[in-house]
There are 2 protein chains.
Amino acid sequence: MTPRRHGEFELIAKYFAPLARGEPGAFGLTDDAAMTTPKPGHDTVVTTDTIVAGVHFFPDDPPATIAQKALRVNVSDLAAKGAVPRAYVLAAALPAPVDEEWLGAFVAGLKRDQKRFGIALVGGDTVATPGPLTLSITAFGDVPRGKMLRRAGARAGDDVWVSGTIGDAGLGLQVLKGRDLQLSERHKDALVARYRVPEPRLAVGCGIRSLARACLDVSDGLVADLRHIAEVSRVGIRIEASLVPLSPGGATALAGGRVSLTELLTAGDDYELAFAAAPSARKRIADLAGRTKVRVTRIGSVVSGRNVVVRSADGAPLPVDRGGFTHF
Amino acid sequence: MTPRRHGEFELIAKYFAPLARGEPGAFGLTDDAAMTTPKPGHDTVVTTDTIVAGVHFFPDDPPATIAQKALRVNVSDLAAKGAVPRAYVLAAALPAPVDEEWLGAFVAGLKRDQKRFGIALVGGDTVATPGPLTLSITAFGDVPRGKMLRRAGARAGDDVWVSGTIGDAGLGLQVLKGRDLQLSERHKDALVARYRVPEPRLAVGCGIRSLARACLDVSDGLVADLRHIAEVSRVGIRIEASLVPLSPGGATALAGGRVSLTELLTAGDDYELAFAAAPSARKRIADLAGRTKVRVTRIGSVVSGRNVVVRSADGAPLPVDRGGFTHF
């Protein structure tokens, strides 16, 4: 940490230093920098993601879930690379005055997730901002040398797989915005939870390290993210819409005509893994799903060309040109 | 990079990807994460610092100097650890709409400094913000295993040294705020440059790796930062005010009675190195100063106790209790 002003030292000592306890390279957050000794025989995977109040979460979301989202979007990137989380640094721009009750709950959320994902705070910076709460996390993970999963590498003939269910977080955002999806409270709560607290698929990501030829985490919407794989791998992708896994809430909203399949396939914030693997890996992938108790579904194929095409049940292409929206 | 929305992909491809050229682990910023292979026999030093428009720089500062400040405050932390810069990731929260001319100049500033400090962009995230421009950089450096300089380690009897000159950036900020320091344009320009573009003391930091017992970079003001060394090293520090090195502009403002010595010793943003070393290292430190052409000045001693005391020329203690202000 490089605390700049007195108020910060107290905040760091009281709230953040306990998160670094037991990490020798963090020096109790009393130094200018942290030290990490990389794991022998491993590459270090580095990822950084920023979330802004009013853009990526609601300012009045529970502070613990804001903390969890900030950390988990980064852990999800590590999962997509097949990396094991090790450490992170947090840069927090906090609107003044700092509400200590809020901060206590925020730190409790981080603490819970640190334990869950085996990741430790090793440094950071807190600054005041006249703008919205802005949280940047940079996370580090370890992957056996040369084994990092990439977006590039998919080949025509590969299967395309996705973990979990698709479209839930987008629906959760709609619920929070007050849109009537004609869903039960139970379904609505489940969708909102998926929006607020993504579930990084670490066990799947590490499990497919030697099976997948290309992988990423779905943050921009399934179709937009498959386009990234297609572009970087220089292939086309064909998805069967009827195979895309939906949650009970998602399926109900779709069946009730309250949402289109296109919307589900282009909504963001899923944080599921999408990956390509040779058909010869099918049994091992099914075994992995059984072992990790995470649903993994084959939804299509890698083909020649450059396009991502989604076919509906009747064989006609589904219009998915929107594919992720721009906020610039 | 984990670009979230289409506008981002174009910005990243056009402006940021060229900054990552030649870095194999950056994957042209087309992947979710970067990969770094740590230098054998070295520890990785990690530091993160955030700067916010209206807090740490003026929104209408030249875009190139904003970029340089964002990078250099991090490189300065690496210098204070005796580390050699290797790579960095940038999280930029940009107010919409993005001014591409501004962005081009910003990236040019980064590019210049990347070359100067031997550091490469390996990843990042750009998001839109309804608030002020917020730039978080996390930087990585290499230090021979076990050789990282710490804030802890100063011992009674050590000399206290500082690089460069003290108080200039604080005066530069006052000039920008319109305060009349009765200085020539040349002096004012030099002070403003010190505020906008800090000078990381890498050659000094690496040169004192085996000489200094404790080190940090002065960002909160000389006295406040020496207190950090005193607290963590569990020692006291006595500074002779008359020995503290001032620039021509700083000395002129002081001589003209436009600024107090206390103000110079407690102003922030110097980004000079302050360090403690045994008296037996004096000659080697003087040699280093000659070799690196960076002024390095002995300004006091480490003593027993816990306080930082500044003595004026007449031997009386100078009031420096303010020592760094709080912005929370």
Side-chain angles (χ1 to χ4, degrees), chain A residues 2-8 11 27 30-38 43-52 54-56 77-78 80-81 89 91 93 96-98 122-125 127-132 134 136 138 145 148 150-151 216-217 219-220 228 232 268 324-328, chain B residues 2-8 11 27 30-38 43-52 54-56 77-78 80-81 89 91 93 96-98 122-125 127-132 134 136 138 145 148 150-151 216-217 219-220 228 232 268 324-328:
Chain A
T2 307
R4 288 270 154 58
R5 311 292 174 229
H6 277 161
E8 272 175 76
L11 288 180
F27 309 117
T30 61
D31 215 300
D32 294 298
M35 195 188 74
T36 70
T37 305
D43 291 317
T44 298
V45 176
V46 182
T47 181
T48 188
D49 265 311
T50 299
I51 63 174
V52 179
V55 181
H56 305 91
D77 280 328
L78 296 178
K81 305 292 101 189
V89 297
V98 172
V122 295
D125 191 21
V127 298
T129 179
T134 303
S136 290
T138 301
R145 188 148 298 159
M148 182 177 124
R150 298 278 317 278
R151 289 183 175 182
L216 51 58
D217 66 330
S219 55
D220 299 326
H228 299 152
V232 184
F325 59 94
T326 175
H327 61 186
F328 284 113
Chain B
T2 305
R4 286 273 152 60
R5 311 292 174 231
H6 277 160
E8 275 175 74
L11 288 181
F27 309 116
T30 62
D31 215 299
D32 293 297
M35 196 187 74
T36 69
T37 306
D43 292 317
T44 298
V45 176
V46 182
T47 181
T48 188
D49 265 311
T50 298
I51 63 173
V52 179
V55 181
H56 305 91
D77 281 327
L78 296 179
K81 305 292 101 188
V89 297
V98 172
V122 294
D125 192 21
V127 298
T129 179
T134 303
S136 291
T138 301
R145 187 147 298 158
M148 183 179 123
R150 298 279 318 279
R151 287 183 176 183
L216 50 58
D217 65 329
S219 55
D220 298 325
H228 299 151
V232 185
F325 59 94
T326 176
H327 62 184
F328 282 112

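Keep in mind that this is a model prediction, so the values were computed, not measured. Chain A is the first sequence line, chain B the second, and so forth, proteins listed ahead of strands; every chain is numbered from 1.
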Asker: Check whether any side-chain heavy atom of Val45(B) sits under 4.5 Å from a side-chain heavy atom of Met148(B), and report yes or no.
Answerer: yes
Asker: Would Arg151(A) and Phe27(B) count as a cation-pi pair here, with the cationic atom under 6.0 angstrom from the ring centre and within 45° of the axis?
Answerer: no
Asker: With a 4.5 angstrom heavy-atom cut-off, could you sort out which part of Ser136(B) is near chain A: side chain, backbone, both or neither?
Answerer: side chain
Asker: What part of Ala91(A) gets within 4.5 angstrom of chain B, counting heavy atoms only: side chain, backbone, both, or neither?
Answerer: both
Asker: Restricting to side-chain hydrogen bond (donor to acceptor under 3.5 Å, both in side chains), what partner residues turn up for Thr138(B), sequence neighbours left out?
Answerer: Thr138(A), Thr48(B)
Asker: Between Asp31(B) and Lys81(A), is any pair of side-chain heavy atoms under 4.5 Å apart?
Answerer: yes
Asker: So for Val52(A), is it side chain, backbone, both, or neither that comes closer than 4.5 Å to the heavy atoms of chain B?
Answerer: side chain
Asker: By a 4.5 Å heavy-atom criterion (distance strictly below it), what part of Val46(A) contacts chain B: side chain, backbone, both, or neither?
Answerer: both
Asker: Taking side chain as everything from C-beta outward and backbone as N, CA, C, O, which of these in Met35(A) sits under 4.5 Å from a heavy atom of chain B? Side chain, backbone, both or neither.
Answerer: both
Asker: A side-chain contact here means heavy atoms from C-beta on lying under 4.5 Å apart; do Val55(A) and Thr129(B) qualify?
Answerer: no
